[in-house]
Amino acid sequence: MLLVGVDGSETSLRAGAYAGGMAYRQRARLVCLYVRTYTIAAGVGIAAIPSMQKAHDEIADELREMVETQSVRIGICAEFVQREGNPFAEIVRLAKELPADAVIVGASTKAGHRIVGSLAVHLVRASRWPITVVP
């Protein structure tokens with residue numbers, strides 16, 4: 001069982017493609033997790049929440065469709081799971097529930113993560129599963 005975190009970013013889509021290839025080669029089941037986060041930036045009012053929810057819905061729908069079509073195309077068993085909350089906590093929670101044999105994520109492209117650490121760094125530090133970070 002392989003778990004890949006996807007969020008629609010370029011690196012997460014590469015991680016999804018890598019995980020799909022790995023699932024194919026290993027004849028493993030693939031679970032693709034999308035986590036909705038609702039971080040309100042300073043200066044953004046509560047009125048922005050409906051548009052944020054709509055954007056998350058659109059991303060989730062696109063990712064779900066991508067998982068469904070690409071898994072059939074390459075011949076793997078894959079499913080799409082959507083959750084809300086903190087990406088690190090939700091990846092860890094789902095990896096325990098499945099249980100996952102490995103976790104795949106895309107590398108962060110945010111400059112601030114060099115200081116506080118990225119999702120991938122936090123997952124590696126948790127050291128519960130093999131973690132593959134795709135650039």
Side-chain angles (χ1 to χ4, degrees):
M1 169 74 59
L2 303 174
L3 173 60
V4 62
V6 292
D7 63 8
S9 67
E10 187 176 331
T11 58
S12 84
L13 295 178
R14 282 197 296 264
Y18 179 86
M22 182 183 278
Y24 177 78
R25 289 185 300 278
Q26 296 180 3
R27 299 173 199 245
R29 181 173 158 226
L30 177 62
V31 176
C32 302
L33 173 64
Y34 172 68
V35 180
R36 293 170 166 260
T37 56
Y38 292 113
T39 305
I40 303 295
V44 177
I46 195 104
I49 291 176
S51 61
M52 290 172 60
Q53 288 175 330
K54 183 178 179 190
H56 281 292
D57 288 342
E58 290 172 359
I59 292 168
D61 290 344
E62 288 176 19
L63 291 170
R64 181 184 313 277
E65 182 179 335
M66 202 177 298
V67 169
E68 290 171 357
T69 58
Q70 295 303 315
S71 63
V72 169
R73 185 183 68 77
I74 64 174
I76 62 170
C77 177
E79 71 177 282
F80 180 81
V81 175
Q82 180 178 324
R83 296 201 171 167
E84 292 184 16
N86 175 283
F88 171 78
E90 293 305 320
I91 289 171
V92 168
R93 185 173 294 126
L94 185 57
K96 285 179 185 177
E97 289 171 14
L98 292 173
D101 296 310
V103 176
I104 300 105
V105 294
S108 175
T109 57
K110 296 180 181 175
H113 288 170
R114 290 185 182 95
I115 299 166
V116 297
S118 66
L119 171 64
V121 168
H122 292 293
L123 288 168
V124 168
R125 287 185 182 151
S127 33
R128 295 184 181 124
W129 309 270
I131 306 292
T132 301
V133 182
V134 178

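Between the NE2 atom in His122 and the CG atom in Asn86 there is a gap of 9.0 Å [rounded to 0.5 Å].
The closest donor-acceptor contact from the side chain of Arg14 to the backbone of Gly106 lies at 3.5 Å or more, if one exists at all. The main-chain N or O of Asp7 is found under 3.5 Å from a side-chain atom of Ser12 such that the two form a donor-acceptor pair. Using modelled atom types, no side-chain atom of Ser118 and backbone atom of Ser108 make a donor-acceptor pair closer than 3.5 Å.
Both Val134 and Ile74 belong to a single network of hydrophobic side chains, linked directly or stepwise wherever heavy atoms of I, L, V, M, F, W or Y lie under 4.5 Å apart. Residues Val4 and Leu119 are members of separate hydrophobic clusters, defined by side-chain heavy-atom contacts under 4.5 angstrom among Ile, Leu, Val, Met, Phe, Trp and Tyr. Residues Leu30 and Val35 are members of separate hydrophobic clusters, defined by side-chain heavy-atom contacts under 4.5 angstrom among Ile, Leu, Val, Met, Phe, Trp and Tyr.
Gly8 and Leu13 make their closest contact through O-CD1, 3.9 Å (heavy atoms, listed as atom of the first residue, atom of the second, distance). Of all the heavy atoms in Val103 and Ala95, the pair that sits closest is CG2-CB, 4.2 Å.
Ring-plane geometry between His56 and Tyr34 is classed as tilted, the angle between the planes lying from 30 to 60 degrees on a 0 to 90 degree scale.
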request  = Under the side chain to side chain contact (heavy atoms under 4.5 Å, CB included) rule, what do Leu123 and Val92 come out as? Steps first, then yes or no, please.
outcome  = CA-CA 8 Å; Leu123 288 168; Val92 168; 4.0 Å; yes

message = Test side chain to side chain contact (heavy atoms under 4.5 Å, CB included) on Leu33 and Ile91; report intermediate values, then the result.
response = CA-CA 7 Å; Leu33 173 64; Ile91 289 171; 3.7 Å; yes

task = Show your reasoning for whether side chain to side chain contact (heavy atoms under 4.5 Å, CB included) applies to Arg128 and Lys96.
result = CA-CA 9 Å; Arg128 295 184 181 124; Lys96 285 179 185 177; 4.2 Å; yes

For residues 59-68, please give each side-chain donor-acceptor pair under 3.5 Å, one per line with the distance, not counting sequence neighbours.
none

Below 3.5 Å, can you tabulate the donor-acceptor pairs from side chains in residues 17-26 to any protein atom, sequence neighbours excluded?
residue : atom : partner : partner atom : Å
Arg25   : NH1  : Gly21   : O            : 3.1

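Salt bridge Glu97/Arg93: absent, no basic N to carboxylate O contact under 4.0 Å.
Between Leu2 and Val31 there is no side-chain heavy-atom pair separated by less than 4.5 Å.
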